[in-house]
Amino acid sequence: MSLTFDVVVIGGGPGGYIAAIRAAQLGFATACIDEWKNAAGGPAPGGTCTNVGCIPSKALLQSSEYYEHAARHFTDHGIALKDLSIDVRKMLARKDQVVKQNNDGILYLFKKNKVSFFHGRGSFVKKAEGGWELAVGGESLVAKHVIVATGSNARALPGVPFDEERILSNDGALRIGAVPKRLGLIGSGVIGLEMGSVWRRLGAQVTVLEALPTFLGAVDEQIAKEAMKAFTKQGLKIELGVKVGEVKSAKSGVSVAYVDAKGGAQTLEVDKLIVSIGRMPNTTGLNAEAVGLVLDERGAIVVDDHCRTNLPGVWAVGDVVRGPMLAHKAEEEGVAVAERIAGQHGHVDFNTVPWVIYTSPEIAFVGQTEQQLKSAGRGYKAGTFPFSANGRARALGDTTGMVKILADAATDEILGVHIIGPMASELIAEAVVAMAFRASSEDIARICHAHPSLGESTKEAALAVDKRTLNF
Ligand code: FAD
Ligand code: NAI
């Protein structure tokens, strides 16, 4: 006997668990299947984001930032500390506790919203009367609608599998038991910079090898330049334009042969190596081929603008489909699909999906970069305001960076906002709201911002678009 549901979601990451909750809120009999196991073998819903991504990385970023403040910046405030030390095991245990709180929170939300939860691997069996037959453990489920939200996995260097001891993916990178003396990272993307920052702050000598000749190519060039300056000053060694060759792992550490940007043969010797060269969509065990679910050449499930796959009643969201691999993008798609199933008009605006890199200084942006506007031939005006001229930033002792606003030359509509500096992750929300409402830079310039606040820099950057800053 099969259990029948209106909606079954496969995958309990931010795309899947949010889709399930929204579907249940809309009155559908809903189930969510997730296979992630905690250390005791029990359920740990929340996916990559909760278990080995957003949440644990931010916990370690916070701990290591406190440590760096105590080690380097407290003296500026007249605070003296003796015998400062870091207990890495305790830091990791705290991180695990934060993860558990989130896992438990999701199980609670499933109960609260009457979502049936199945712990195990879900796979397609066949097209069935009234929908799709799925298997999980010994159970058979039939669903009118299936939402696939199976996420992504770390990409390994060809021929260099992760052992999570010395050659680490994001998973092992979050479990290093003691501060390594020498840490190598392949890829200066988001994970490379965030994880590199954590271990650098705690005392590791960090070298990042990046294949591309430009740093943070997707980021506004002016902001990327400022970031490179700040990270280099902190002691992150970032080598651009390299070609990574043979990687050898031994008890004593890892050696990476590479050719540098000038064509010279080099070797990097490190104790641990984190490989953070992007992620691949994950459909392992889904049995997609049995039902003819179409994947693209990268292994992503092919969907249209509404997250519909080639199969009727089968939808897919999050990292397993096209688009940025971000938790909030996955969540938005999950909500939109549940609402579309209910006959509503779920909508995701890719132009207003913000990006945040949680380094120090933080980097956050939304909309288009200056280089994108230039290459599209779009007329624009730019306004920038440095945090060094903001009273709150001075009081915080954190004045690196700026807010930059790009607005249409003719209509003044905001086309992009780029922030590097303190609390950029929080400041970007105002920009996203403004862009969602298609505000002009003048709209932000006319809005009263609390004083003293970092947000005043956003107002001043908007004033700068019209060349009339008040405090700079
Ligand atoms: P996932 O979170 O990957 O969840 C998929 C779930 O499906 C998993 O639990 C998996 O076990 C389960 N599953 C897969 N196949 C099956 C199956 N057949 N049956 C049952 N279950 C299955 N994004 C941000 O927006 N902000 C950040 O700060 C951020 N930090 C990150 C830091 C790191 C180190 C990493 C690696 C990623 C980070 N991300 C961040 C990206 C973010 O984690 C992903 O974009 C997000 O998790 C994608 O959500 P998802 O629901 O599509 O997939
Ligand atoms: P990434 O795509 O951000 O960066 C990968 C980097 O590796 C790129 O700069 C690329 O040029 C480089 N690279 C690729 N192959 C290489 C090679 N052979 N040698 C040297 N360099 C190479 O991927 P990353 O850092 O692995 O993160 C994966 C994804 O996870 C991100 O794109 C993002 O979507 C998500 N994420 C989001 C975070 C956030 O929102 N704060 C934090 C961490 C991850």
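Hydrogens, waters and symmetry mates play no part in the numbers below; they use all other heavy atoms, side chains included. This chain uses plain numbering: 1 for the first residue, then up along the sequence. Each ligand, and each atom within it, is numbered from 1 in the order the structure gives.
Residue-to-ligand polar distances place Asp34 within reach of ligand 1: an N/O pair is separated by less than 3.5 Å. Checking only distances, Val320 never comes within under 3.5 Å of ligand 1, N or O to N or O. Checked by distance only, ligand 1 and Ala330 stay at 3.5 Å or farther apart across all their nitrogen or oxygen atoms. Backbone and side-chain nitrogen or oxygen atoms of His328 are examined, and one is located within less than 3.5 angstrom of a nitrogen or oxygen of ligand 1.
Of all the atoms in ligand 1, the ones that sit under 4.0 Å from a non-hydrogen atom of Arg279 are 36 (C). Here is the list of ligand 1 atoms found below 4.0 Å of a heavy atom in Ser57: 32 (C).
A cation-pi arrangement is present between Lys127 and Trp132, with the terminal nitrogen or guanidinium carbon under 6.0 Å from the aromatic centre and inside a 45° cone about the axis.
Of the options Ala44, Gly11, Gly12, Cys49, the smallest heavy-atom separation from atom 47 (O) of ligand 1 is shown by Cys49.
Residue contacts with ligand 1 include Lys58, since one or more of its heavy atoms lies under 4.0 Å from the ligand.
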Return a table of N or O atom pairs, ligand 2 on one side and protein on the other, at distances under 3.5 Å, rounded to 0.1 Å.
{"unit_1": "ligand 2", "atom_1": "3 (O)", "unit_2": "Val190", "atom_2": "N", "d": "3.2"}
{"unit_1": "ligand 2", "atom_1": "9 (O)", "unit_2": "Glu210", "atom_2": "OE1", "d": "2.7"}
{"unit_1": "ligand 2", "atom_1": "9 (O)", "unit_2": "Glu210", "atom_2": "OE2", "d": "3.2"}
{"unit_1": "ligand 2", "atom_1": "11 (O)", "unit_2": "Glu210", "atom_2": "OE2", "d": "2.6"}
{"unit_1": "ligand 2", "atom_1": "21 (N)", "unit_2": "Ala211", "atom_2": "N", "d": "3.1"}
{"unit_1": "ligand 2", "atom_1": "23 (O)", "unit_2": "Gly278", "atom_2": "N", "d": "3.3"}
{"unit_1": "ligand 2", "atom_1": "25 (O)", "unit_2": "Val190", "atom_2": "N", "d": "3.3"}
{"unit_1": "ligand 2", "atom_1": "25 (O)", "unit_2": "Ile191", "atom_2": "N", "d": "2.9"}
{"unit_1": "ligand 2", "atom_1": "26 (O)", "unit_2": "Gly278", "atom_2": "N", "d": "2.8"}
{"unit_1": "ligand 2", "atom_1": "34 (O)", "unit_2": "Met325", "atom_2": "O", "d": "2.6"}
{"unit_1": "ligand 2", "atom_1": "40 (O)", "unit_2": "Val356", "atom_2": "O", "d": "3.4"}
{"unit_1": "ligand 2", "atom_1": "41 (N)", "unit_2": "Glu194", "atom_2": "OE2", "d": "2.9"}
{"unit_1": "ligand 2", "atom_1": "41 (N)", "unit_2": "Val356", "atom_2": "O", "d": "2.7"}

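Within the 4.0 Å heavy-atom criterion, the part of Asn170 lying near ligand 1 is the side chain and not the backbone. Here Val52 has backbone heavy atoms under 4.0 Å from ligand 1, and that is the only part of it that gets that close.
Summary of contacts: the protein heavy atom closest to atom 29 (C) of ligand 1 is Cys54 SG, 3.2 Å.
Sorted by first and then second residue, the side chain to side chain donor-acceptor pair (under 3.5 Å) pairs with a member in residues 29-38 read Glu35-Arg121; sequence neighbours excluded.
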